Amino acid sequence: MHAGGGAWRAVRAEIRRRTSLKVSLAVVALFVLMTAAAPLIASLGGWGPEEFDKSAVDPYLGGLPIGPLGGVSAEHWLGVEPITGRDLFARVVHGAQVSLLIAFAATAIVVLAGVTAGIAAGYFGGRTDTALSRLMDLTMSFPSLIFMIAMMSVARDADRTLLMILVIGLFGWPGVARVVRGQTLSLKHREYVDAARVGGSGPWRILARDILPGVAGPVIAYTTLMVPGMIATEAALSYLGVGVRPPTPSWGQMIAESVAYYDTDPMYFLVPSVCLFLTVLAFTLLGDALRDVLDPRGSRT
């Protein structure tokens, strides 16, 4: 009736079959662990994200790190920032916590709002469908990046992390809602749904027990593909200077600060850039695999 245990067995078989998915899952697990335990992991290197180490930079060379590869040593595993001497390992780990926390929280808002609106529009139809569909169209018609930059620039005194979560989530839900609406339209006339309706089940019981499990597979696949986009959006806003404020680290902010040193200290640029690239790539590969298994019809369109 629903794609349940069989679908997840197929997902596990697909992961076992493809080495790229195993590596992607390991990368995702690593960065999720960094997000959950950033202070503990950063403490392994012996430095905090805001601790200055003036002995690691050369004041006579414009504050460039002392030593090869941007100051990589037993004391500073990934090197240090120019001028300040702050430990890059500690800042990258704490940056992962900020960047991924924003991405995951924004994705949760998008999925919750999108699934609710999509199921309501698809199942109830009529005026409900018309109103929600027009709201989807209106939200998607906004130039979202420009609007995000404007909102982040105006709200200077707000909690930047919370504001970014809300602003990014505001523009993402219509895509999920459209996917869920289409799935709901195809499910609400299935035999088991009609049988539940004839048996006296109310609409909310039908939505919870029959419709929602039927749309779960495509939503999970879509969510996994959405996370890298959220990570990239946070990085772009921080890169443009309207994201989280220093000294709170984020990958986008670190990349923006490192651009001035890409030729004299390439490690400063490469470390956060490689982390961002690996995370986005790993989530994208996982999302593609989940979509192929959980929503094969959608992967062909």
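Note that this is a predicted model, so its numbers are computed, not measured.
- Arg197 has its side chain within reach of Val193: a pair of non-hydrogen atoms, C-beta onward, lies under 4.5 Å apart.
- Counting only heavy atoms from C-beta outward, the side chains of Tyr261 and Thr264 approach each other to under 4.5 Å.
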- Message: Run Ile41 and Phe89 through side chain to side chain contact (heavy atoms under 4.5 Å, CB included) and show every step you take.
- Response: CA-CA 9 Å; Ile41 294 174; Phe89 174 75; 3.9 Å; yes
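- Proximity of a side-chain donor or acceptor of Lys54 to a complementary backbone N or O of Ile83 within less than 3.5 Å is detected.
- Between Leu276 and Ala235, the shortest heavy-atom distance links the atoms CD2-CB, 4.0 Å.
- Contact detail for Arg160 and Gly243: the closest heavy-atom pair is NH1-O, 2.7 Å.
- Within a 6.0 Å radius of CG in Leu138, other residues, nucleotides and ligands contribute more than 12 heavy atoms.
- Ring geometry for Phe104 against Phe283 counts as perpendicular: the plane angle is over 60°, on a 0 to 90° scale with 30° as the lower cut.
- Considering all non-hydrogen atoms of both residues, Val98 and Ser250 come closest at CG1-CB, 4.1 Å.
- Taking 4.5 Å as the limit, every side-chain heavy atom of Arg181 sits out of range of all side-chain heavy atoms of Leu132.
- Formation of a donor-acceptor pair under 3.5 Å by the Arg91 side chain with backbone atoms of Pro49 is found in this model.
- Residue Leu33 is not grouped with residue Leu101 when hydrophobic side chains (ILVMFWY) are merged at heavy-atom distances under 4.5 angstrom, including chains of intermediate members.
- Contact annotation: the side chain of Phe269 approaches that of Ile255 to within less than 4.5 Å [non-hydrogen atoms, C-beta and beyond].
- Placement of Leu112 and Ile220 in two distinct hydrophobic clusters is found when ILVMFWY residues are connected by side-chain heavy-atom separations under 4.5 Å, directly or transitively.
- Applying side chain to side chain contact (heavy atoms under 4.5 Å, CB included) to Leu212 and the options Thr184, Ile119, Leu207 leaves one that passes, Ile119.
- Contact check for Trp77 versus Val92: no side-chain heavy atoms found under the 4.5 Å cut-off.
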- Task: Given side chain to side chain contact (heavy atoms under 4.5 Å, CB included), test Arg190 with Asp210 step by step and report yes or no.
- Result: CA-CA 10 Å; Arg190 296 281 178 91; Asp210 299 301; over 6 Å; no
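- Summarising the geometry, atom OG1 belonging to Thr161 is positioned 11.0 Å from atom CG belonging to Leu166; distances are rounded to the nearest 0.5 Å.
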- Query: Hey, mind stepping through Leu40 and Ser43 against side chain to side chain contact (heavy atoms under 4.5 Å, CB included) and telling me if it holds?
  - Reply: CA-CA 5 Å; Leu40 179 62; Ser43 67; 4.2 Å; yes
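- Here the NE2-CG distance, from His76 to Leu69, works out to 14.5 Å after rounding to the nearest 0.5 Å.
- A centroid separation of less than 6.0 Å is found between the aromatic rings of Trp204 and Phe124.
- Summarising the geometry, atom CZ belonging to Arg86 is positioned 5.0 Å from atom CD belonging to Glu50; distances are rounded to the nearest 0.5 Å.
- Minimum interatomic distance between Gly95 and Trp251 (heavy atoms only, all atoms of both residues): C-NE1, 3.7 Å.
- Heavy-atom neighbours of Arg205 CZ from other residues, nucleotides or ligands within 6.0 Å: at or below the threshold of 12.
- For the atom pair Leu278 CG and Leu30 CG, the distance stands at 9.5 Å (nearest 0.5 Å).
- Looking at Ser186, its side chain does come within 3.5 Å of a backbone N or O of Gln183 through a donor-acceptor pair.
- Met140 and Val179 sit in two unconnected hydrophobic clusters of ILVMFWY residues. Membership requires side-chain heavy atoms under 4.5 Å apart, directly or through other members.
- For the atom pair Leu78 CG and Leu270 CG, the distance stands at 11.0 Å (nearest 0.5 Å).
- The residue from Thr116, Val110, Val215 that alone fulfils the side chain to side chain contact (heavy atoms under 4.5 Å, CB included) condition with Val176 is Val110.
- At a threshold of 4.5 Å between non-hydrogen side-chain atoms, the residues Tyr268 and Glu81 count as touching.
- No continuous path of ILVMFWY side-chain contacts below 4.5 Å connects Leu185 to Leu187, so the two sit in separate hydrophobic clusters.
- Between Asp159 and Leu163, every side-chain heavy-atom pair lies at or beyond the 4.5 Å cut-off.
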- Query: Hey, mind stepping through Phe171 and Phe142 against side chain to side chain contact (heavy atoms under 4.5 Å, CB included) and telling me if it holds?
  - Reply: CA-CA 8 Å; Phe171 292 98; Phe142 271 87; 3.8 Å; yes
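- The two residues Val80 and Leu88 make their nearest non-hydrogen contact at C-CG, 3.9 Å.
- Val111 and Met226 get closest at one heavy-atom pair: CG2-CE, 4.4 Å.
- In terms of hydrophobic clustering, with Ile, Leu, Val, Met, Phe, Trp and Tyr side chains grouped at heavy-atom distances under 4.5 Å, Val57 and Tyr262 are assigned to different clusters.
- Residue Ile165 holds its CD1 atom at 13.5 Å from CG of Leu170, rounded to the nearest 0.5 Å.
- Using a 4.5 Å heavy-atom threshold, the side chains of Ile102 and Val244 count as touching.
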